[in-house]
Each structure stands twice: as C-alpha cells, then as structure tokens.
Amino acid sequence: MFNVTRPQPGPDCSNDYHREEVIRSLQKMFYGKCYLCEDEVSDPVVEHFIPHEGDRTLEYNWNNLYCSCHRCNNIKGTAKDLLDCCDASTDVSKAIKCLCPSIPEHNVIIEAQNTSPETQNTAGLLDRCYNANNTGIRAISREALHEKLFDHYLDFIKYRRKIKDKNSTSKEKDDAKEHLENMMDVSYPFSIFWKWHVLGDAFLSGQLAVNGIMRNNYEGGCP
Ligand SMILES: [Zn+2]
C-alpha cells in the first residue's frame with residue numbers, strides 16, 4: 001500500500017463513475033497500480049473505499065473511488081475501517097511491513113506495525129490480497145501475483161549484488177543505487193516491499209538515501 005494525493009476537484013462522477021475520464025484520472029492518481037497490492041493494472045476496477053451498500057452519496061462520490069485490480073476488489077468485498085492511502089496524515093507504508101518470501105509459493109509476510117484497528121484490519125486484508133488461495137481463481141491469480149512480485153525481487157537482489165561486488169565500477173554501483181531508489185518510489189510496482197527490504201538491510205541502508213523513505217515520524221502509536 002502506498003500514499004497518493006487525490007486531485008481536487010475530481011472529474012464528474014455524479015451519475016456514472018465508469019466514464020473514461022474518471023478511470024483515467026484514477027489510473028493517473030494511483031500510478032497505474034492497484035491501491036491494495038500495488039500490482040500494475042491495465043483493466044482497473046473502480047473500488048469504493050467505504051462500501052456504498054446502495055447509498056448513492058457514497059457510490060457516486062469522487063473521494064470514495066479507488067483504483068483496484070479484480071483480485072483485490074473481490075477479496076476486499078465490504079471490508080471497512082481501513083487505513084486510507086489518500087489521508088496525508090497517515091503513512092500507510094510505515095504502518096504495515098511487507099516482505100517477499102524467498103520462494104514464490106510461500107506466503108508474503110505482512111506485519112502490522114501498530115495496534116490501531118485500522119492498521120490491524122488493513123494488515124489482515126493485505127494478507128488476504130497477497131496470499132488467499134481458497135478458490136480456484138484465487139489460487140491462479142495468487143500464483144501470477146507472486147511471480148510478478150518475485151521477478152521484481154530478483155531485480156532488487158541483482159542491484160544489491162552489483163553495489164556489493166568489489167569488481168563493479170563506480171558507475172555500475174551508482175546505477176544500481178539509482179535503480180533501488182527508483183524501486184522505493186511510490187510510483188514503482190510493489191514499492192512498499194522495497195522500502196522495507198532496504199530498511200531491514202544494514203548494508204543497503206548505509207548505501208542509499210533512506211531518510212524520507214517513510215514520510216512521517218510517528219513512533220509505535222496510531223498513524
Ligand atoms: Zn490488487
């Protein structure tokens with residue numbers, strides 16, 4: 001999960017939130033990614049952050065529209081009381097640790113970093129988004145999601161190795177550092193993983209500009 005800034009005013013969605021302008025605005029705002037799993041999504045679903053349950057003021061409300069993949073939209077269902085990635089006062093990347101498994105078949109590791117109900121609920125939801133395989137389609141989409149995540153993880157390891165290799169030139173090391181810093185940018189697929197993988201790695205933390213990886217400086221309590 002990653003923070004975004006919602007443009008105001010948004011496109012008119014008072015009667016139809018499936019208009020091309022609305023979808024394109026959401027894609028741009030969420031960097032072409034699902035707001036939950038951070039996978040790139042070419043056929044996005046318009047997700048209602050607060051389930052509208054027939055309430056038109058929630059259903060046709062620009063501020064309640066989020067960009068999601070089909071898998072996460074289906075898994076989220078009517079879940080509520082979640083961390084809001086559009087809330088500038090909440091650093092959602094810092095609230096939940098996400099780590100890649102070392103084998104694609106294993107579960108993604110999700111750890112809430114504080115005890116607020118929103119963080120706990122969101123960590124539980126992300127765990128299901130990344131790991132649920134309780135139906136045939138979810139087993140298949142989980143496999144595809146993990147393979148994409150693992151491909152990026154292999155890139156991460158490759159760049160780390162390039163920085164560490166005593167035979168690398170200064171330029172090769174600088175390029176590798178730039179790649180890793182790009183991976184931590186909010187626009188990059190699965191950016192929350194690369195932030196936490198750098199923060200947990202003493203060698204990389206000493207090599208990269210880690211200040212500001214997490215935006216806020218709250219400690220332990222509610223975000
Ligand atoms: Zn997703």
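Counting convention: from 1, in listed order, for ligands and their atoms alike. Residue numbers count from 1 along this sequence.
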Participant: Taking only protein atoms, how many N, O or S atoms are found under 2.8 Å from the Zn ion (ligand 1)?
Facilitator: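 Atoms of protein N, O or S type lying less than 2.8 Å from the Zn ion (ligand 1) total 4.
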Participant: Among pairs that include at least one residue of residues 73-82, which meet salt bridge (charged side-chain N to carboxylate O under 4.0 Å, His left out), considering only residues two or more places apart or in two chains?
Facilitator: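 Residue pairs with at least one partner in residues 73-82: Glu47-Lys76, Glu53-Lys80.
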Participant: With sequence neighbours excluded, give me every ring pair (Phe, Tyr, Trp, His ring centres under 6.0 Å) pair touching residues 64-93.
Facilitator: Phe30-Tyr66, Tyr35-Tyr66, Phe49-Tyr66
Participant: Measure from the side-chain N and O atoms of Asn64 to the backbone N and O of Leu58, and report whether any donor-acceptor pair falls under 3.5 Å.
Facilitator: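 Pair found, side chain donor or acceptor close to backbone of Leu58.
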Participant: Do the side chain of Glu172 and the main chain of Thr169 share a donor and acceptor less than 3.5 angstrom apart?
Facilitator: yes
Participant: Taking the side chain from Trp62 and the backbone from Pro7, do they hold a donor-acceptor pair closer than 3.5 Å?
Facilitator: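 Such a contact is found between Trp62 side chain and Pro7 backbone.
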Participant: Can I get a per-line list of side-chain donor-acceptor pairs under 3.5 Å for residues 148-158, giving both atom names and the distance, sequence neighbours left out?
Facilitator:
| residue | atom | partner | partner atom | Å |
| --- | --- | --- | --- | --- |
| Lys148 | NZ | Asp39 | OD1 | 3.4 |
| Lys148 | NZ | Asp39 | OD2 | 2.7 |

